[in-house]
Amino acid sequence: MAPAAPPRVRFAPSPTGFLHVGGARTALFNWLYARKYGGQMLLRIEDTDRQRSTDESTNAIFDGLAWLGLDYDEDVVFQGANLERHRADVERLLATGAAYRDFTPHAELERLRADADARGVPFRFDPKLAELAPGELERRLAAGEPHAVRFRVPDGVTDWIDAVHGRIAFPNKDIEDFVILRSDRTPVYNLAVVSDDIAMGITMVMRGDDHISNTPKQILLYRALGATVPQFAHVPMIHGTDGKKLSKRHGATAVGDYQHQGLLPSAMLNFLALLGWSPGDDVEVMTRLEMLDRFSLDGLQKKAAVFDPQKLDWMNGQHLSMLSLDEIMPHVYPVFERLGVSTPEELREREEWFRALIDLLRVRARTVDDIARQAVPYFADEVEYDADAVSKQWRDANTAAEILSATRERLASLAAWDATTMETALRSLAEELSISGGKIFQPLRVALTGLTASPGIFDVLIILGRDRSLARLDQAVRWLKSDVTA
RNA sequence: GGCCCCAUCGUCUAUCGGUUAGGACGCCACCCUUUCAAGGUGGAGAGACGGGUUCGAUUCCCGUUGGGGCUACCA
């Protein structure tokens with residue numbers, strides 16, 4: 001179902017933590033919807049909670065969106081900057097009688113609430129509490145007495161056709177006369193959101209379904225303010241493996257965490273998209289453009305999805321082998337530096353070599369960090385032999401040393417350093433020694449990389465080059481002999 | 001407690017009344033193979049329960065159960 005007109009959507013996080021994966025997914029769905037149908041995607045920072053909002057969090061949101069490549073149109077809106085309009089909207093509501101002043105002291109409300117709680121009955125604000133004797137209102141106002149402003153919830157039922165849930169209805173009697181302006185004259189969330197969404201011309205509000213119960217209040221506000229009610233789409237939550245709302249206890253929940261684990265943004269996006277959305281067929285691995293092409297509100301899920309880190313890893317591996325080298329390279333430089341494998345300067349000096357190495361390693365890695373870890377032996381001067389590799393492939397030090405010496409000699413005698421030449425030579429060596437190829441390749445792999453697992457052995461020989469390969473064979477033979485005498 | 005949302009393999013999902021209920025992750029086996037991945041083939045694995053409606057329900061309706069969200073002068 002394509003929208004009748006280009007939609008204006010927004011992503012409206014509050015900067016009270018880092019950009020959460022759930023938030024990132026909401027941003028993605030909004031972005032997909034806006035971009036797909038030629039609309040606008042706006043960003044609004046809901047920083048009205050001055051106590052909890054921090055610049056650090058705001059920057060984390062900017063960074064996270066930038067890393068994911070989710071761009072937005074127009075200027076960022078900071079909700080806190082719209083305070084005057086929020087108050088003006090409250091005044092309008094007061095003027096039409098849609099809202100009223102409530103001088104009930106906060107302490108009194110708390111007492112009533114505790115009371116109701118103790119008796120096991122639900123507490124709902126009673127409008128009678130705010131009723132004043134004639135002349136009282138004017139007197140208190142003149143005296144400057146602090147008071148809250150409450151919205152007068154009319155009788156009836158408030159409903160809407162949710163783009164993912166269908167019709168949702170709330171009897172208004174279940175909604176109390178909620179506060180829209182605090183006694184310190186700051187607006188409350190629902191008012192600020194509606195005021196801003198109207199001002200921003202938002203036509204579709206797409207957000208987490210934890211906002212479903214706010215929606216009737218907001219619809220009432222739109223109407224009282226004389227504005228067109230936008231469409232709503234409440235996307236399901238993301239849960240942890242235990243079925244609870246995703247939180248710190250479940251491990252990494254900030255997109256920054258994944259960025260720093262060597263995840264590719266395209267894989268993160270792809271994985272997130274599939275949590276709560278399905279293209280309708282069996283296709284899973286998609287580029288951003290493919291997602292854009294296939295995105296539709298119809299594919300949005302109603303059910304909460306569980307975040308499965310294993311599938312994220314798999315997805316990343318898929319993107320690692322699917323993306324072009326050019327797309328991957330920008331992501332590997334910082335990781336090699338962070339993990340201390342090499343410096344960007346050193347890498348740029350040998351860029352072609354480096355690209356070839358990454359191309360070799362990426363198939364068997366699931367994250368960029370994996371690649372960097374596997375790349376260590378190709379940068380080290382001295383190879384470190386993995387204990388398991390030694391005990392498995394160099395079980396008999398003498399035999400291993402003999403084979404490696406013979407291998408070294410054979411390789412050194414080669415006129416050309418290419419895979420076919422080397423393979424022919426080493427296979428015939430194996431035949432001469434009456435052993436299988438593996439008996440040569442495996443010990444050789446340990447000598448060259450120190451590990452039992454690596455890219456194809458001839459690829460390793462080539463990427464290392466003749467001199468370094470032969471030097472490593474020498475080193476291995478020396479190591480084995482000293483090990484025997486020791 | 002009240003209100004609202006949700007319910008297909010362990011997980012993500014396909015199915016829009018008629019299927020041997022399909023795919024993916026993960027798991028197991030085999031193949032490929034110089035190792036590890038990748039890839040290929042196969043396997044185990046699901047309609048929460050109870051009522052309706054219908055010739056026929058995973059699919060539509062109701063209830064139960066279970067899970068989740070909200071319930072502030074937080075956002």
Side-chain angles (χ1 to χ4, degrees), chain A residues 12-16 46-49 51-53 79 102 104 106 109-110 113 116-117 120-124 146-150 162 165 168-171 173-176 178-184 186-190 192-193 208-216 234 236-237 239 241 243-245 271 274-285 298-299 301-308 310-315 317-318 320-321 361-366 370 374 389 392-393 423 426-427 430 436-442 444-446 449 451-458 460:
Chain A
S14 49
T16 52
E46 309 218 320
D47 55 353
T48 46
D49 186 345
Q51 304 302 314
R52 297 194 298 155
S53 299
Q79 189 160 63
D102 173 24
T104 315
H106 199 244
L109 284 174
E110 274 174 5
R113 203 182 306 278
D117 239 41
V121 295
F123 175 78
R124 189 153 300 133
H147 58 275
V149 176
R150 286 182 184 270
D162 195 274
H165 293 275
I168 298 181
F170 284 78
K173 64 172 173 54
D174 292 327
I175 307 169
E176 67 174 1
F178 55 97
V179 171
I180 53 179
L181 192 72
R182 298 186 188 91
S183 42
D184 65 359
T186 59
V188 168
Y189 174 73
N190 283 310
V193 166
D209 69 17
D210 48 343
H211 285 285
I212 286 181
S213 40
N214 282 322
T215 308
H234 287 96
M237 309 260 76
H239 286 172
T241 329
K244 298 268 192 289
K245 192 170 171 176
F271 172 74
L274 257 25
L275 282 186
W277 173 71
S278 165
D281 57 24
D282 294 336
V283 178
E284 303 228 1
V285 182
D298 302 321
Q301 212 66 24
K302 293 179 182 175
K303 194 180 70 165
V306 173
F307 189 94
D308 179 7
Q310 279 188 307
K311 188 155 185 177
L312 208 210
D313 272 352
W314 167 80
M315 183 64 81
Q318 293 295 307
L320 229 27
S321 41
L361 298 179
R362 64 163 165 165
V363 181
R364 65 211 82 228
R366 292 212 147 180
D370 272 353
Q374 288 176 28
K392 194 170 178 205
Q393 302 303 342
E423 178 154 15
L426 293 188
R427 293 230 185 250
S436 67
K439 285 280 186 287
I440 288 184
F441 301 142
Q442 284 306 93
L444 173 57
R445 190 184 315 280
V446 178
T449 66
L451 306 168
T452 50
S454 83
I457 197 69
F458 303 108
V460 174

**Asked** Considering only the C1' atoms, how many Å lie between C6(B) and U58(B), rounded to the nearest integer?
**Response** 16 Å
**Prompt:** To the nearest Å, how far apart are M315(A) CE and U11(B) C1'?
**Reply:** 13 Å
**Complete:** Ranking C73(B), A75(B), U34(B) by distance to the side chain of R150(A), first place goes to C73(B)
**Prompt:** When the nearest nucleotide of RNA chain B is assigned to I168(A) and to W277(A) on a heavy-atom basis, which residue is associated with the more 5' position?
**Reply:** I168(A)
**Item:** Sugar-phosphate only, base, or nothing, as touched by G317(A) at under 4.0 Å among non-hydrogen atoms
**Value:** nothing
**Message:** Measuring only the C1' atom in each nucleotide, how far is C36(B) from A46(B)? A whole number of Å is fine.
**Reply:** 34 Å
**Request:** Check the distance between A24(B)'s P and D313(A)'s CG and give it to me in whole angstrom.
**Result:** 19 Å
**Item:** side-chain N/O R366(A) vs C36(B) OP1/OP2, d < 4.0 Å
**Value:** no
**Message:** If you compare every side-chain N and O of R445(A) against the phosphate oxygens of C36(B) (OP1, OP2), does one of them come in below 4.0 Å?
**Reply:** no
**Message:** If you only use heavy atoms from C-beta on, which nucleotide in U35(B), U34(B), C4(B) is closest to the side chain of F441(A)?
**Reply:** U34(B)
**Message:** Taking any heavy-atom pair under 4.0 Å as a contact, classify D281(A): base, sugar-phosphate, or nothing.
**Reply:** nothing
**Request:** Ignoring hydrogens and angles, answer whether the base of A75(B) and the side-chain atoms of N214(A) contain a donor-acceptor pair closer than 3.5 Å.
**Result:** yes
**Request:** Determine the interatomic distance between P on G45(B) and the same-named atom on A21(B); round to the nearest Å.
**Result:** 14 Å
**Asked** Contact class for S53(A) vs. all strands (heavy atom < 4.0 Å): base, sugar-phosphate, or nothing?
**Response** nothing
**Message:** Within the structure provided, determine whether R150(A) and V179(A) are in side-chain contact (heavy-atom separation under 4.5 Å).
**Reply:** yes
**Asked** Between atom CZ of R364(A) and atom OG of S454(A), what is the distance when rounded to the nearest 0.5 Å?
**Response** 7.0 Å
**Request:** Could you state the atom-to-atom distance from CD of Q301(A) to P of C12(B) in whole Å?
**Result:** 9 Å
**Asked** Counting only N and O atoms by type, is there a donor-acceptor contact under 3.5 Å from the side chain of Q318(A) to the main-chain atoms of E284(A)?
**Response** no
**Request:** Take atom CH2 of W314(A) and atom C1' of A37(B), then tell me their distance rounded to the nearest Å.
**Result:** 15 Å
**Asked** Base, sugar-phosphate, or nothing for I457(A), non-hydrogen atoms under 4.0 angstrom?
**Response** base
**Prompt:** So what does F458(A) touch, heavy atoms closer than 4.0 Å: a base, only the sugar-phosphate, or nothing?
**Reply:** base
**Prompt:** Does R52(A) have a side-chain nitrogen or oxygen under 4.0 Å from the phosphate oxygens OP1 or OP2 of A75(B)?
**Reply:** no
**Message:** Just N and O in the side chain of R427(A): are any of them under 4.0 Å from OP1 or OP2 of U34(B)?
**Reply:** yes
**Item:** Which nucleotide in C73(B), A75(B), U13(B) has an atom nearest any side-chain atom of K303(A)
**Value:** U13(B)
**Prompt:** Using a cut-off of 4.0 Å on non-hydrogen atoms, how would the nucleic acid contact of P216(A) be classed: base, sugar-phosphate, or nothing?
**Reply:** nothing
**Request:** Select one nucleotide: of U35(B), C12(B), A75(B), the one nearest the side-chain heavy atoms of Q442(A).
**Result:** U35(B)
**Message:** Work out how far the P atom of U8(B) is from that of C3(B), and round it to whole angstrom.
**Reply:** 24 Å
**Asked** How close or far is atom P of A21(B) from atom CG of D282(A), stated in whole angstroms?
**Response** 16 Å
**Asked** OP1 or OP2 of A75(B) sitting under 4.0 Å from any side-chain N/O of T48(A)?
**Response** yes
**Item:** Nucleotide opposite C9(B) in a Watson-Crick or G-U pair, distances under 3.5 Å
**Value:** none
**Message:** Using the side-chain heavy atoms of E284(A), tell me which of these nucleotides is nearest: A37(B), G10(B), A24(B).
**Reply:** A24(B)
**Asked** Across all strands shown, which nucleotide pairs with U33(B) by Watson-Crick or G-U wobble geometry, both distances under 3.5 Å?
**Response** none
**Asked** Which of these nucleotides, G69(B), A24(B), C3(B), is closest to any side-chain atom of K311(A)?
**Response** A24(B)
**Request:** Give the nucleotide from the list C73(B), G39(B), U13(B) with an atom nearest to the side chain of Q318(A).
**Result:** G39(B)
**Fill in**
Taken to the nearest whole Å, CG/L274(A) to P/C12(B) is 12 Å
**Distance-only donor-acceptor test, S454(A) side-chain atoms vs C36(B) base atoms, 3.5 Å** = no
**Item:** Non-hydrogen side-chain atoms of V446(A) and K392(A) separated by less than 4.5 Å
**Value:** no
**Item:** 5′-ward residue of the pair S278(A)/Q310(A) relative to RNA chain B
**Value:** S278(A)
**Request:** Look at all strands and tell whether E46(A) reaches a base, only sugar-phosphate, or nothing, counting heavy atoms closer than 4.0 Å.
**Result:** sugar-phosphate
**Message:** Does any part of the side chain of F271(A), heavy atoms only, come nearer than 4.5 Å to the side chain of F307(A), both counted from C-beta?
**Reply:** yes
**Asked** Reckon G456(A) touches a base, only the sugar-phosphate, or nothing at all at heavy-atom distances under 4.0 Å?
**Response** base
**Prompt:** NA contact type, S14(A), heavy-atom cut-off 4.0 Å: base, sugar-phosphate, or nothing?
**Reply:** sugar-phosphate
**Request:** Hey, could you give me the CD/NZ distance between Q393(A) and K439(A), rounded to the nearest 0.5 Å?
**Result:** 8.0 Å
**From CD1 (I168(A)) to OG1 (T215(A)), nearest 0.5 Å** = 7.0 Å
**Request:** Side-chain contact test, heavy atoms from C-beta onward, threshold under 4.5 Å: evaluate it for P455(A) versus L361(A) and give yes or no.
**Result:** yes
**Request:** With heavy atoms under 4.0 Å as the rule, sort E110(A) into base, sugar-phosphate or nothing.
**Result:** nothing
**Request:** For nucleotides C4(B) and A38(B), find the distance between their P atoms and express it as a whole number of Å.
**Result:** 48 Å
**Asked** So what does H234(A) hit on the nucleic acid, given a heavy-atom distance under 4.0 Å: a base, only sugar-phosphate, or nothing?
**Response** nothing
**Message:** So T104(A), base contact, sugar-phosphate only, or nothing? Heavy-atom distance under 4.0 Å.
**Reply:** base
**Message:** At 4.0 Å (heavy atoms only), tell me whether L312(A) reaches a base, stays on the sugar-phosphate, or touches nothing.
**Reply:** nothing
**Asked** When all nucleic acid strands are considered with a 4.0 Å heavy-atom cut-off, which category describes A192(A): base, sugar-phosphate, or nothing?
**Response** nothing
**Asked** Over how many whole Å does the gap from L451(A) atom CG to C36(B) atom P extend?
**Response** 13 Å
**Request:** Ignoring backbone atoms, establish whether K302(A) has a side-chain N or O less than 4.0 Å from OP1 or OP2 of G68(B).
**Result:** no
**Request:** Would you kindly give the NE2-to-P distance between H211(A) and C6(B), to the nearest whole Å?
**Result:** 17 Å
**Asked** Counting side-chain heavy atoms from C-beta on, which of C73(B), G26(B), A24(B) comes nearest to S183(A)?
**Response** C73(B)
**Request:** Just name whichever nucleotide pairs with G42(B), Watson-Crick or G-U, keeping both distances under 3.5 Å, else none.
**Result:** C28(B)
**Prompt:** Quick one: which of A75(B), U13(B), U11(B) gets closest to the side chain of V306(A)?
**Reply:** U11(B)
**Complete:** Against the side chain of A453(A), the closest entry in U35(B), G2(B), C73(B) is U35(B)
